[in-house]
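Residues take their numbers from the sequence shown, with the count starting at 1. None of these values were measured; they are calculated from a predicted model.
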Amino acid sequence: MSQTATIVPTAAIAERWEATTPVTGDYARDCAELAREALSHVGFTRFEEMPFEDVLACREGDLPVTVAVLPVPVEGFEMTLDDLQSLIDEDVVAHGAALCVGRALASDGPLPERLRFDVVSVCVNLDAGRVRVHHVRGTWQS
């Protein structure tokens, strides 16, 4: 049985829509798929497979963007964008830069001129039938 939830991106836009991503019960995987759907609603395209469950690879226009997905437990549903930003330290930035560079080196074709690393938090509240998504753009960029 699949369930749907309402995505509520709370960063730069305040838009809601009915999610089509089925909730499977694997919380980390569900959060990554809900993040993918939320990003696609704000213009991200060309999602690629990554070897990490909590990392998405996509494009915003022609810019390659690597996105870390932070699954937030339901107890953190009131987490704000500022709360997410406070969790992004030098280690997260260094890890993101390494993911971006590794992705660029592993891809076919010429190396891109620019790369970007973003962080997205996702919190699923099945009781309320809602998902809260926060998106920090440009945590690291070349």
Side-chain angles (χ1 to χ4, degrees), residues 1-109 112-142:
M1 179 174 149
S2 70
Q3 300 177 16
T4 61
T6 302
I7 301 291
V8 183
T10 56
I13 60 173
E15 187 176 324
R16 298 175 188 221
W17 61 86
E18 289 299 316
T20 59
T21 298
V23 176
T24 66
D26 180 336
Y27 195 73
R29 182 168 290 138
D30 290 343
C31 286
E33 288 304 313
L34 288 162
R36 179 190 308 251
E37 183 175 347
L39 290 171
S40 71
H41 277 276
V42 294
F44 287 75
T45 60
R46 297 171 49 193
F47 288 88
E48 306 165 16
E49 291 301 315
M50 289 290 287
F52 310 106
E53 183 174 281
D54 61 345
V55 178
L56 301 175
C58 54
R59 293 192 176 260
E60 186 175 36
D62 289 334
L63 178 65
V65 181
T66 304
V67 182
V69 178
L70 173 65
V72 176
V74 70
E75 296 81 21
F77 194 74
E78 297 305 319
M79 180 180 192
T80 66
L81 184 60
D82 289 338
D83 293 334
L84 175 59
Q85 288 175 320
S86 73
L87 297 175
I88 301 170
D89 60 13
E90 291 178 11
D91 291 337
V92 171
V93 173
H95 181 69
L99 286 169
C100 288
V101 171
R103 175 184 169 203
L105 292 173
S107 68
D108 294 334
E113 291 182 25
R114 294 180 39 227
L115 304 168
R116 191 174 85 205
F117 175 68
D118 294 358
V119 177
V120 171
S121 69
V122 178
C123 185
V124 179
N125 184 336
L126 292 176
D127 292 336
R130 295 182 55 157
V131 175
R132 179 158 287 151
V133 178
H134 290 95
H135 182 191
V136 178
R137 294 173 183 255
T139 299
W140 176 85
Q141 47 196 336
S142 64

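In terms of the side-chain contact (heavy atoms from CB on, under 4.5 Å) criterion, residue partners of Asp127 (sequence neighbours excluded) are, by chain and number, Asn125. The salt bridge (charged side-chain N to carboxylate O under 4.0 Å, His left out) search around Glu60 returns Arg116, Arg137, not counting sequence neighbours. Listed by chain and residue number, nothing satisfies the side chain to side chain donor-acceptor pair (under 3.5 Å) test with Ser107 (two or more places apart in sequence, or in another chain).
Side chain to side chain, Asp83 and Ser86 fail the donor-acceptor criterion of an N or O pair below 3.5 Å.
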Identify all side-chain donor-acceptor contacts of residues 93-102 below 3.5 Å with residues at least two apart in sequence or on another chain.
none

Just distance, no hydrogens or angles: give the donor-acceptor pairs under 3.5 Å from side chains in residues 63-79, sequence neighbours left out.
residue : atom : partner : partner atom : Å
Thr66   : OG1  : Arg103  : NH1          : 3.2

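The CH2 atom of Trp140 sits 5.0 Å away from the CG atom of Leu115 when rounded to the nearest 0.5 Å. Distance check: Leu34 CG to Arg132 CZ gives 14.0 Å after rounding to the nearest 0.5 Å. For the atom pair OG of Ser121 and CG of Leu87, the computed distance is 8.5 Å after rounding to the nearest 0.5 Å.
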Might you work through the side chain to side chain contact (heavy atoms under 4.5 Å, CB included) test for Glu37 and Thr20, ending with a clear yes or no? CA-CA 8 Å; Glu37 183 175 347; Thr20 59; 3.5 Å; yes
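Looking at heavy atoms from C-beta onward, Phe117 lies in side-chain contact with Val92 at the 4.5 angstrom threshold. Val23 places none of its side-chain heavy atoms less than 4.5 Å from the side chain of Thr21.
Between Ser142 and Glu113, the shortest heavy-atom distance links the atoms OG-O, 4.1 Å. Heavy-atom minimum distance, Cys58 versus Thr45: CB-O, 3.4 Å. Closest heavy-atom contact between Val136 and Gln85: CG2-CG, 3.7 Å.
The local environment of CG in Asp62 is sparse, with at most 12 non-hydrogen atoms from other residues, nucleotides or ligands closer than 6.0 Å.
Identified under the salt bridge (Lys or Arg N to Asp or Glu O under 4.0 Å) test for residues 23-35, with sequence neighbours left out: Asp26-Arg29, Arg29-Glu53, Glu33-Arg36.
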